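Read through the structure below, which is laid out as structure tokens, and then see the notes.
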Number of protein chains: 2
Amino acid sequence: MTQITSEKILDVAQTLIAAGGYNGFSYADISDAIGIRKASIHHHFPTKAQLVSVLLQRYAKQAEDGLKSVSANLPNPIDQLQAYFDHWRSCITKASEPFCICAMLASEMELLPEDVASHVRRHFENLGGWLASVLKAGSKQELFKLGGTPENEAQILMASVHGAMLSARALGKPEIFAAIIAPQLARLTA
Amino acid sequence: MTQITSEKILDVAQTLIAAGGYNGFSYADISDAIGIRKASIHHHFPTKAQLVSVLLQRYAKQAEDGLKSVSANLPNPIDQLQAYFDHWRSCITKASEPFCICAMLASEMELLPEDVASHVRRHFENLGGWLASVLKAGSKQELFKLGGTPENEAQILMASVHGAMLSARALGKPEIFAAIIAPQLARLTA
DNA sequence: CTATGTCTACCTATTAGTAGGTAGACACCA
DNA sequence: TGGTGTCTACCTACTAATAGGTAGACATAG
């Protein structure tokens with residue numbers, strides 16, 4: 001509990017967005033969650049759009065750091081993909097963060113403030129880029145047998161991950177995430 | 001314009017949900033779209049939960065009819081899958097219905113009224129069941145080479161479709177839907 | 001003294017939903 | 001044929017609650 005208030009606000013906002021998206025939470029929800037008045041939240045983040053925008057900057061940095069450390073610590077592209085999948089499998093089965101907030105926001109794309117939307121778009125581009133680079137490296141080492149271009153295979157993997165999150169949530173079965181994702185890696189390494 | 005009002009309301013609601021989900025539209029939005037007072041919408045659908053619930057019943061019936069007619073008119077399981085994919089590719093590229101409303105609602109699952117949520121869950125079950133039955137039939141005819149059980153492959157296909165919708169929307173590139181989906185069918189028929 | 005953070009108290013717009021009434025179509029009965 | 005009741009569809013006008021956001025007072029720490 002030594003955490004500073006603005007970070008607590010962002011943490012709560014992230015949880016709330018993962019649960020219900022941009023239009024699914026309010027300043028009052030954050031207020032209730034951390035025991036601070038609505039007005040105090042506005043002191044830290046004047047508008048909702050700014051709050052979410054800052055949250056997405058933090059999220060992008062965390063994602064970048066995470067993917068970088070995966071690339072750095074695991075030399076094998078197979079292990080790199082596995083680590084990425086495992087991250088989400090763990091988040092989902094432990095219900096700690098059952099959904100990627102950028103995937104949540106992507107579904108609301110048409111209603112989002114412009115700069116929130118552009119952060120979301122950038123996240124999809126960055127993640128797609130990282131996956132493509134991992135696939136390309138693994139393909140060069142003949143660890144992967146790609147059906148198409150690395151970029152196209154990356155898009156397929158990313159879509160599978162997001163779709164698997166959705167199915168797990170819709171069916172109320174966290175384990176379905178792994179059931180959908182595991183065969184993807186198996187297919188690439190076959 | 002010979003359409004009756006309650007159908008018009010449902011049509012507009014479907015479009016609005018496809019755009020922004022359950023919490024992304026209001027009675028006022030519908031009111032604006034069809035030129036009728038808010039109170040008149042309440043006359044047809046007393047509550048928002050009921051409105052969406054009725055919409056999902058209609059949606060389920062349409063989906064069932066659609067899939068049944070696919071099964072009836074196309075004897076070949078490959079063509080059946082292709083027809084399903086083509087349906088969404090066409091909806092997305094023409095921007096006529098750029099997202100499955102059940103996929104939209106699934107992302108908001110945690111905030112939905114109970115009976116709306118159960119309709120959504122049922123849709124995922126039904127669609128998964130249909131895909132599994134198509135895969136099973138095709139597998140028996142040796143048209144498909146399945147990596148796992150028909151049920152598991154069905155889940156993978158469904159997740160790919162939903163994830164592909166999301167990517168197309170997030171990146172603002174409708175054509176990415178087909179780029180993700182086409183290889184799925186290719187893979188199964190290889 | 002000033003910067004930072006929190007508070008109370010407010011604002012305006014919008015939310016879902018309600019109360020009560022009107023105009024017209026239809027049926028049935030005298 | 002005309003009158004009465006009922007139904008559907010819509011309306012104006014309202015409510016309580018919630019949305020995002022603001023103004024200004026107060027406390028406290030450097």
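Values below: all heavy atoms of this structure, side chains included; hydrogens, waters and symmetry mates excluded. Worth saying up front: this structure is predicted, and the values here are computed from it rather than measured. Every chain is numbered from 1 and lettered A, B, ... according to where its sequence line falls, protein lines coming before strand lines.
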### Message
Main chain of B:K48, side chain of B:Y27: is a donor-acceptor contact present, judged purely on distance under 3.5 Å?
### Response
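Confirmed, B:Y27 side chain pairs with B:K48 backbone.
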
Could you give the [atom1]-to-[atom2] distance, from [X] to [N], as a whole number of Å?
X     : N      : atom1 : atom2 : answer
B:K8  : D:dC10 : NZ    : P     : 8 Å
A:K48 : C:dA13 : NZ    : P     : 19 Å
B:I9  : C:dA16 : CD1   : P     : 14 Å

### Task
Give, ordered by number, those residues of residues 14-30 of chain B having at least one heavy-atom distance below 4.0 Å to an atom of DNA chain D; if nothing qualifies, reply none.
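None - not one residue of the stretch has a heavy atom sitting under 4.0 Å from the strand.
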
#### Entry: Contact list for DNA chain D against residues 34-43 of chain B - heavy-atom distance below 4.0 Å
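Output list: B:I36, B:R37, B:A39, B:S40, B:H43.
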
### Query
What are the two closest non-hydrogen atoms of B:P77 and B:P75, and how far apart are they?
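Looking at all heavy atoms of both residues, the closest pair is CD-O, 3.3 Å.
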
### Task
Return the minimal non-hydrogen interatomic distance between A:P174 and A:T93, and the atom names on each side.
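That would be CB-CA, 4.2 Å.
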
#### Entry: Test side-chain contact (heavy atoms from CB on, under 4.5 Å) applied to B:Y84 and B:I181, B:L157, B:L127, the passing residue
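Of B:I181, B:L157, B:L127, side-chain contact (heavy atoms from CB on, under 4.5 Å) with B:Y84 is met by B:L127 alone.
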
### Intermediate values then yes/no, salt bridge (Lys or Arg N to Asp or Glu O under 4.0 Å), B:D115 and B:R122
CA-CA 11 Å; B:D115 77 309; B:R122 196 146 49 241; over 6 Å; no

### Message
For a quick test of reading the model: is some side-chain N or O of B:H44 closer than 4.0 Å to OP1 or OP2 of D:dT8?
### Response
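The answer is no; no side-chain N or O of B:H44 sits under 4.0 Å from OP1 or OP2.
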
### Message
Check this one for me: any side-chain N or O of A:T47 less than 4.0 Å away from OP1 or OP2 of D:dG20?
### Response
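Looking at the OP1 and OP2 atoms of D:dG20, neither is under 4.0 Å from any side-chain N or O of A:T47.
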
### Message
Evaluate B:R89 against B:D86 for salt bridge (Lys or Arg N to Asp or Glu O under 4.0 Å), listing each step before the verdict.
### Response
CA-CA 5 Å; B:R89 194 192 49 191; B:D86 281 350; 3.3 Å; yes

### Message
Checking B:E108 now: which residues fulfil salt bridge (Lys or Arg N to Asp or Glu O under 4.0 Å) with it, not counting sequence neighbours?
### Response
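Here no residue qualifies.
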
### Query
Below 4.5 Å, heavy atoms only, C-beta onward: do A:L166 and B:M165 meet side chain to side chain?
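Result no, sub-4.5 Å side-chain heavy-atom pair not found.
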
